[in-house]
Peer 1: 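Please find one structure pasted underneath; my questions will follow.
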Amino acid sequence: MNELLKTIIKNNRHWTSEGKVATYIPGLSNANPDALGICVTNLNGDEYCAGDFDTKFTVQSISKVVTLLLAILDQGKDKVFSKVGMEPTADAFNSMLTLENRNSHRPINPMINAGAIVTVSMVAGGSCDEAFNRILEFTRKITGNPEININESVYLSEKETGNRNRALAYFMKSTGAIEGNVEEVLDVYFRQCSIEATCKDIARIGAMLANDGILPWSGEEVVPKSVARIVKSIMATCGMYDASGKFAVHIGIPAKSGVGGGILASVPGKMGIGVLGPALDSIGNSIGGIKVLEELSRDMDLSIF
Ligand code: GLN
């Protein structure tokens, strides 16, 4: 397995030169555009890694998977999906279009920014610090890594420049989609996006989901099977934004990308996969990461469809 992963990284590293590191959050612009890494965790907890697998990156939108799990655990699926939809979208991840046209009270899904901001507002906690600490502790638990923390400079950089997200959030406050204090909800959202991890950490989240909510390395159930199933379905249909359909056709694995260049993938009953490649395509997905997953899926016949 290690040899296969090494070969796949070698075969696909050239793709990184065709993408660009995200710069709209200034703190992300220093990432190494040539980095490419992968880690696979199977359901026995065995780990196989290659390339730049121990390079740290901010999880960005991958955190939307974690807060969706937590919001469903806190509020139940009926309450969560009364406030956010579960349909794919053909618009960009930070789009306002459908929000204003059709879905002003209920953003279309929890994987686009508007839906994720509503989702984070449903994570329980008496204050924004408490809500964020619950997200951080939950992330540490499902990665088996107690050292996970945020990258302070990426957090401050997005907090300072995140005006598109601020616009989405204030618009949703005006329609009643967001209850509570908008700046506090945004602060938790910016902090969760700045959580720093490696391919190994996100592969473990994928393995937990693949294992129906049970941590492979300890046997502990952290999420009921029914909730793991909901989240994998939403990853499969919405996780790669407006490239989710194409990703399903070519790769066929529930996955969630982030503009930090990470992709969290979960092959039900088989394995979790974490990949990193900070150079992005025009949609905001890791260009090399997608190619690596495509080759792995083809070689190991991993498509769920
Ligand atoms: N923090 C980023 C933002 O809100 C997350 C987006 C992403 O990873 N696609 O813009």
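Since the structure is predicted, the reported quantities are computational estimates derived from the model, not experimental observations. Just follow the structure's listing: the first ligand is 1, and inside any ligand the first atom is 1. All heavy atoms count here, side chains included; hydrogens, waters and symmetry mates do not.
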Peer 1: Just jot down the ligand 1 atoms closer than 4.0 angstrom to any heavy atom of Q60, in number order.
Peer 2: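 Heavy-atom distances to Q60 below 4.0 Å select 1 (N), 2 (C), 5 (C), 8 (O).
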Peer 1: Counting from 1, what ligand 1 atoms have a heavy atom of N165 closer than 4.0 Å?
Peer 2: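 Result: 3 (C), 4 (O), 10 (O).
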Peer 1: Got an N/O contact under 3.5 Å between E158 and ligand 1?
Peer 2: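 It does: an N or O of E158 is found under 3.5 Å from an N or O of ligand 1.
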Peer 1: Flag the pair I195 / Q60 as yes when at least one side-chain heavy-atom distance between them is below 4.5 Å, and no otherwise.
Peer 2: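 I195 vs Q60: side chains apart.
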Peer 1: State the atoms of ligand 1, each with its element, that fall below the 4.0 Å cut-off from a heavy-atom position in Y24.
Peer 2: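 That gives atoms 2 (C), 3 (C), 6 (C), 10 (O) of ligand 1.
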Peer 1: Answer with yes or no whether Y189 contacts ligand 1, where contact means a heavy atom under 4.0 Å from a ligand atom.
Peer 2: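 True for this residue.
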Peer 1: Need the ligand 1 atom indices (1-based, order shown) with element for anything under 4.0 Å from a heavy-atom of Y241.
Peer 2: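 Those of ligand 1 that fall under 4.0 Å from Y241 are 7 (C), 8 (O), 9 (N).
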Peer 1: Should the pair K232-D212 be classified as a salt bridge under the 4.0 Å nitrogen-to-oxygen rule?
Peer 2: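 Yes.
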Peer 1: Should one rank A116, C193, S61, S257 by closest heavy-atom distance to atom 7 (C) of ligand 1, which comes out on top?
Peer 2: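 Going through A116, C193, S61, S257 one by one, S61 has the nearest heavy atom to atom 7 (C) of ligand 1.
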Peer 1: Just checking, K159 and Y189: is the charged tip under 6.0 Å from the six-membered ring centre and within 45° of the axis?
Peer 2: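 No, cation not above the ring by the 6.0 Å, 45° rule.
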Peer 1: Only heavy atoms of G258, strictly under 4.0 Å: list the atoms of ligand 1 that pass.
Peer 2: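 Atoms satisfying the 4.0 Å criterion: 8 (O).
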Peer 1: Would one find an N or O of V259, backbone or side chain, under 3.5 Å from an N or O of ligand 1?
Peer 2: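 Checking ligand 1 against V259, an N or O pair does fall under 3.5 Å apart.
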Peer 1: Only counting residues at least two apart or in another chain, list the ones meeting salt bridge (charged side-chain N to carboxylate O under 4.0 Å, His left out) with E183.
Peer 2: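 For E183 the salt bridge (charged side-chain N to carboxylate O under 4.0 Å, His left out) partners, ignoring immediate neighbours, are R166.
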Peer 1: Got a sec, which residues hit side chain to side chain donor-acceptor pair (under 3.5 Å) with S244, two or more places apart in sequence or on another chain?
Peer 2: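 By the side chain to side chain donor-acceptor pair (under 3.5 Å) rule, S244 matches no residue at all.
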Peer 1: Hey, are R191 and D129 close enough for a salt bridge, meaning a charged N less than 4.0 Å from a carboxylate O?
Peer 2: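 Looking at D129 together with R191, the answer is yes, because their closest N to O distance falls below 4.0 Å.
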Peer 1: Is the count of non-hydrogen atoms from other residues, nucleotides or ligands lying under 6.0 Å from E130 atom CD greater than 12?
Peer 2: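 Yes, CD of E130 has more than 12 neighbouring heavy atoms, counting only those of other groups under 6.0 Å.
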